[in-house]
Amino acid sequence: CYSCSCTSSDAAHALNTLPGAPAPRRRYQPRLLPTLGALAALAAFVSLGAWQQGKALRVEAQLARAAAQARLAPQPVGMQALDATQADGARFSASGRYDGTHQFFIDNRQQDGVPGLHVITPLKLDGSERVLLVNRGWIGWPHGRGTLPEAPPPPAPVQVTGVAHAPSNKAMFLMSERADPNPRLWPRLDLARYTEWARQPVQPVVLLQDADNAADGLVRRWPAPEDRSLKHRGYAFQWWAMAAALLVFHTVASLRRPS
């Protein structure tokens, strides 16, 4: 009879097509190429999140190291070249005489909205052929670009204290690197340029002079190190959230009803 000739699958299909019958359950049936693409994107998102998380941890470690170094007594700058990475953020003291003939200025430095310059003066270190560049502070520039302000260094031997800063070798975004006609006006502090210009060996850091280390009228209010760890953690969360969203989307898109 007809009922005997029906297979079990035919019977199940017939039942599922009856009015009011429950829809067949979807099954996870991923396709090869979309799955490979999703896996590649997922790996990239997770890696980018881990990269941003690592940057946040490095920033926190640098800030903790700088805070610990700020509590220590200044270290003397000796005859040997400093390690820029280790010295960055540490307190130092240096003795010698300022070399006013190679003093220069860093352009486009504002203080409370007032245009001005940073005064960079090399310090000839006692007992050493090297010089240490000292950022002596900010000075206003009210007379325009035609005349540089006067900021003569003290002629007598000095002992300078401050925080070491390793200048970046990267050019500032959207800041012109075109040389100013005045050789003493620079867009940024460039140690390689100074060495070529002054023909002097230089320490690989600049010393941000303490505010109370000299009574010369220059403003020395150095900004605290920027804490960018939260920004990097936010980026990491965004990448990982994209990875999670991709995983959910791929899973849902791969659920199909049996044919």
Side-chain angles (χ1 to χ4, degrees), residues 1-70 83-90 108 164-178 187-192 204-205 222-259:
C1 67
Y2 175 78
S3 60
C4 295
S5 63
C6 291
T7 63
S8 59
S9 60
D10 291 336
H13 178 72
L15 290 174
N16 288 333
T17 57
L18 291 175
R25 297 182 61 183
R26 293 176 181 265
R27 295 180 181 177
Y28 181 65
Q29 296 177 326
R31 294 176 180 174
L32 179 59
L33 291 181
T35 299
L36 292 177
L39 287 175
L42 188 66
F45 292 162
V46 171
S47 298
L48 288 169
W51 173 58
Q52 289 291 343
Q53 177 72 0
K55 292 183 71 173
L57 293 175
R58 287 192 294 273
V59 168
E60 290 175 345
Q62 292 171 355
L63 292 175
R65 182 170 62 88
Q69 290 175 331
D83 183 306
T85 302
Q86 295 297 322
D88 191 25
N108 294 317
H165 170 67
S168 173
N169 293 325
K170 298 179 181 179
M172 297 295 292
F173 183 62
L174 296 179
M175 181 176 289
S176 173
E177 288 292 298
R178 180 177 57 86
R188 62 187 177 92
L189 204 158
D190 187 334
L191 295 178
V205 295
W222 310 116
E226 183 182 359
D227 186 357
R228 302 184 304 276
S229 59
L230 289 179
K231 180 184 72 173
H232 293 304
R233 290 190 189 278
Y235 290 155
F237 175 79
Q238 291 177 5
W239 286 117
W240 289 335
M242 290 173 64
L246 175 63
L247 183 61
V248 172
F249 174 79
H250 178 266
T251 301
V252 173
S254 299
L255 294 176
R256 295 180 176 84
R257 291 189 178 94
S259 57

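What you see below is based on every heavy atom in this structure, not just the backbone, and it leaves out hydrogens, waters and symmetry mates.
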Looking only at non-hydrogen atoms, find the nearest pair between T35 and H250 and report the distance.
OG1-NE2, 3.1 Å

If you measure from OG on S229 to CD on Q53, what distance do you get to the nearest 0.5 Å?
9.5 Å

In Å, rounded to the nearest 0.5 Å, how long is the span from CD of Q86 to CZ of R65?
6.0 Å

Do R31 and R256 make a side-chain contact, defined as non-hydrogen atoms from C-beta onward lying under 4.5 Å apart?
yes

Which heavy-atom pair separates A166 from D88 by the least distance, and what is that distance?
N-OD1, 3.1 Å

Regarding R233 and Q52, is there a side-chain donor-to-acceptor distance under 3.5 Å anywhere?
no

Considering all heavy atoms of both residues, which atom of V46 and which atom of W240 are nearest to each other, and what is their separation?
O-NE1, 3.3 Å

Closest approach of A164 to A87 (non-hydrogen atoms, all atoms of both residues)
CB-O, 3.3 Å

Quick check for you: to the nearest 0.5 Å, what is the distance between E226 atom CD and Q62 atom CD?
12.0 Å

Taking all atoms of both residues into account, what is the closest heavy-atom pair of V59 and H232, and its distance?
CG2-CD2, 4.1 Å

What is the minimum heavy-atom distance between A236 and G49, and which atoms define it?
CB-O, 3.3 Å

For side chain to side chain contact (heavy atoms under 4.5 Å, CB included), just list the numbers for V205 and H165, CA-CA rounded to whole Å, side-chain angles, deciding distance to a tenth of an Å, and then say yes or no.
CA-CA 5 Å; V205 295; H165 170 67; over 6 Å; no

Could you measure the distance from the CG atom of L63 to the CG atom of D227? Nearest 0.5 Å is fine.
5.0 Å

